[in-house]
> 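Have a look at this one.
Every chain is numbered from 1, with letters handed out A, B, ... down the list of sequences.
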Amino acid sequence: MTLVGFKSFPLPLAQLALDAVLKCGQSFRWSTIAFPLSGDKELEDSSPSEQVEYRLCLRDRVVCLRQSFDTLYYRSIFPDPQPTSITLPIREAETLKWLKDYFQLDVDLISLYREWGMKDKVFAKFRDRFEGIRILRQDPWENLISFICSSNNNISRITKMVQNLCIHYSSPLISIKHPFLPSETLTYHPFPTPSVLSRSGVALHLRSLGFGYRAEFIQRTAKMLVDAHGIGCSDPSSPQEDPELWLQGLRGLSTADAREELLKFVGVGRKVADCILLMSLDKKEVIPVDTHVYQIAVKHYGMKGSYGGKTNMTPKLYEDINSRFLSIWGDYAGWAHSVLFTADLKFFSNYGSAISSTEKSPAATLHNKKNSPTSQSGSPVISPSARRKKRLHRQVDLVEPEFPTTPKSCKETTEHMNLVDRVKKRRRNV
DNA sequence: GCCGCACCTCTG
DNA sequence: AGAGGTGCGG
């Protein structure tokens, strides 16, 4: 495959599966351009990522990506004034540098997969079908706001919300023609800055845009950040505001210290804080525990089930799951988790769950994913209301653990358990 | 400390 | 009812 205007970078799919990584709920801002069917057999037989171009608007350029089985193709679109033939190579080199950082290409995913596969039979079962899933190194500010949007929410709505944030709170960097539909114009906005989102009136406007109760969270978090760290740019050579730089500085703190800082923001609880730690603050061992991860833990790793299928996530349960996975996967546990998570998510969108189920037929899989009482226990279907009454007495059966349950340090567990409460209480008292 | 509920909105 | 949760009050 040769692409006009694109630079190429050799990279096997096993190191990066672009379609999965960009659409699995880490970043919500990549747009896609589908290529028209050309009758080109080679192209139509190719993997999805070969028929699509991905685009992301940064502060000063739009990065465009395509991929084949062994190559990553990249180019940039710049606003006027256009780079000259002299400066263009320099700027494309900047883009490549950004790509290497963003995709963390110095981390060898193939050897990580090999290690996880040796330590973990469950992982070994799925790794070949879900190659190339890696953690992005995102901008912490964008990451923070995006994941405040993520509570009680799904990927498609989060994507729309983030899009609205960009459209309404940052001016367009560039408008260009759609490559295949000349009548359409594509307009690209960078992610808004903290100072803009901190302005009064933002919360009300976001409400009207359908952000729900997250509207206040976003504005207040932006304001907290600006109040504490200023709206200026003390470094004129940097396009970022001081609060953004301060957030980046959290990369230098320990996981515990950085988490404590994040928990101070409204709309940021343990789960969201852990997402940010993993996805933009280099804390590769952190595993954000959500309902998917919880389901996987119960079905495949012999974790204790909750009551009657209702995932009532307690701090203790959260911590138990976390330390359990950490002991299995080790240093890059958060990266390993994202493989299973993405695998689960991808399958869920089609026909139930790939790995939170042990059933064989698609029908049974779908059933199981919905927490039907028939799963595992084989008991008859009961109505939701009947189940609610029963749930206090009902523990999900233990699936035989593939690993012995490791005893956890009580002290450590207690410290973490108290952390969220401690930070939130302190915040209220200020 | 721990529990339970409300919270926006959309979708199955 | 539940979705990749969080804040708040008992």
Side-chain angles (χ1 to χ4, degrees), chain A residues 23-28 143-144 146-162 164 203-221 224 262-276 278-279 286-297 306-319 321-322 334 337-338 340-353 356 366-367 369-372 383-388 391-392 413-429:
Chain A
K23 293 289 172 180
C24 70
Q26 292 191 56
S27 169
F28 301 94
N143 202 212
L144 169 66
S146 300
F147 277 85
I148 287 176
C149 295
S150 78
S151 77
N152 253 317
N153 214 341
N154 55 59
I155 290 178
S156 74
R157 183 151 83 112
I158 300 166
T159 304
K160 282 176 200 142
M161 287 161 74
V162 171
N164 267 329
L204 207 60
H205 183 217
L206 290 179
R207 278 259 170 195
S208 73
L209 288 172
F211 278 65
Y213 61 85
R214 304 163 197 86
E216 281 79 21
F217 291 164
I218 292 170
Q219 199 240 318
R220 287 175 61 198
T221 287
M224 287 168 76
L262 292 174
L263 286 172
K264 290 176 183 168
F265 298 110
V266 267
V268 179
R270 177 68 194 261
K271 193 269 176 179
V272 169
D274 281 0
C275 285
I276 299 163
L278 175 65
M279 299 177 190
V286 171
I287 298 170
V289 180
D290 56 35
T291 50
H292 283 250
V293 174
Y294 172 75
Q295 295 292 338
I296 293 169
S306 72
Y307 306 107
K310 172 99 180 169
T311 26
N312 196 354
M313 184 58 65
T314 62
K316 175 160 169 44
L317 183 55
Y318 190 107
E319 197 56 43
I321 293 171
N322 221 306
H337 130 278
S338 80
L340 295 196
F341 181 87
T342 305
D344 202 50
L345 202 65
K346 264 177 97 86
F347 265 83
F348 183 38
S349 61
N350 297 328
Y351 44 88
S353 166
S356 62
L366 188 63
H367 226 111
K369 181 66 195 181
K370 294 188 162 181
N371 284 319
S372 157
S383 72
S385 59
R387 177 158 27 120
R388 214 171 302 124
R391 77 165 167 235
L392 285 177
T413 303
T414 315
E415 277 173 9
H416 284 295
M417 253 168 54
N418 298 339
L419 178 63
V420 177
D421 278 349
R422 237 177 37 229
V423 173
K424 300 291 173 185
K425 206 159 282 178
R426 199 183 310 153
R427 189 185 71 207
R428 260 171 277 166
N429 292 339

> Assess whether atom CZ of A/R220 is packed by more than 12 heavy atoms of other residues, nucleotides or ligands within 6.0 Å.
no
> Taking CZ from A/R207 and P from B/dC7, how many angstroms apart are they, rounded to a whole number?
10 Å
> Using the side-chain heavy atoms of A/N154, tell me which of these nucleotides is nearest: C/dG4, C/dG7, B/dC2.
C/dG4
> Determine whether A/K271 and A/V293 make a side-chain contact, defined as any pair of heavy atoms from C-beta on separated by less than 4.5 Å.
no
> DNA chain C: A/F28 or A/V268, which has the more 5' nearest nucleotide?
A/F28
> Could you check whether A/G25 gets within reach of a base, just the sugar-phosphate, or nothing at all, counting any heavy atom under 4.0 Å?
base
> Between B/dC8 atom C1' and A/E216 atom CD, what is the distance in whole Å?
10 Å
> Just the rounded figure in Å: distance from P of B/dT11 to CD1 of A/I155.
15 Å
> Give the nucleotide from the list C/dG7, B/dC8, C/dG4 with an atom nearest to the side chain of A/R214.
B/dC8
> Under a 4.5 Å cut-off applied to non-hydrogen side-chain atoms, are A/N143 and A/C275 in contact?
no
> Check whether any side-chain heavy atom of A/V268 sits under 4.5 Å from a side-chain heavy atom of A/L144, and report yes or no.
yes
> Under 4.0 Å between any heavy atoms, over every strand shown, what does A/V272 touch: base, sugar-phosphate, or nothing? Just pick one.
sugar-phosphate
> Let me know the distance between CZ of A/R422 and P of B/dC2, rounded to the nearest Å.
13 Å
> Is there a Watson-Crick or G-U wobble partner for C/dT6 with both distances under 3.5 Å, and which nucleotide is it?
B/dA6
> How far does the P atom of C/dG4 sit from the matching atom of B/dC3, given to the nearest Å?
24 Å
> Among C/dG4, C/dG5, B/dC3, find the nucleotide with the atom closest to the side chain of A/T314.
B/dC3
> Work out how far the P atom of C/dA1 is from that of B/dA6, and round it to whole angstrom.
14 Å
> Measure from CG on A/L204 to P on B/dC8 and round the result to the nearest Å.
13 Å
> Take the protein atom NZ of A/K264 and the nucleotide atom C1' of C/dT6, then report the distance between them rounded to whole Å.
18 Å
> Which residue lies toward the 5' end of DNA chain C, A/M279 or A/L263, if each is placed at its nearest nucleotide?
A/M279
> Heavy atoms from C-beta onward define the side chain here; which of B/dC10, C/dG7, C/dG5 lies closest to that of A/R157?
B/dC10
> Quick one: A/L419 CG to C/dT6 C1', roughly how many Å, whole number?
15 Å
> Should the side chain of A/Y318 and the base of C/dG5 be counted as holding a donor-acceptor pair, with the cut-off at 3.5 Å?
no
> Would you say A/R270 places a side-chain N or O within less than 4.0 Å of OP1 or OP2 belonging to C/dT6?
no
> With rounding to whole Å, what would you report as the distance between C/dG9 and B/dC8 at their P atoms?
15 Å
> What nucleotide among C/dT6, C/dG7, C/dA3 has an atom nearest to a side-chain atom of A/N152?
C/dA3
> Without decimals, in angstroms, what is the distance between A/I321 CD1 and C/dG4 C1'?
13 Å
> Any heavy-atom pair between the side chains of A/V420 and A/P315 that's under 4.5 Å?
no
> Answer whether the closest heavy-atom distance between the side chains of A/F265 and A/V272 falls below 4.5 Å.
no
> Which listed nucleotide (C/dG7, B/dC2, C/dG4) is nearest to the side chain of A/D290?
C/dG4
> Under 4.0 angstrom, heavy atoms only, what part of the nucleic acid is A/C149 near: base, sugar-phosphate, or nothing?
nothing
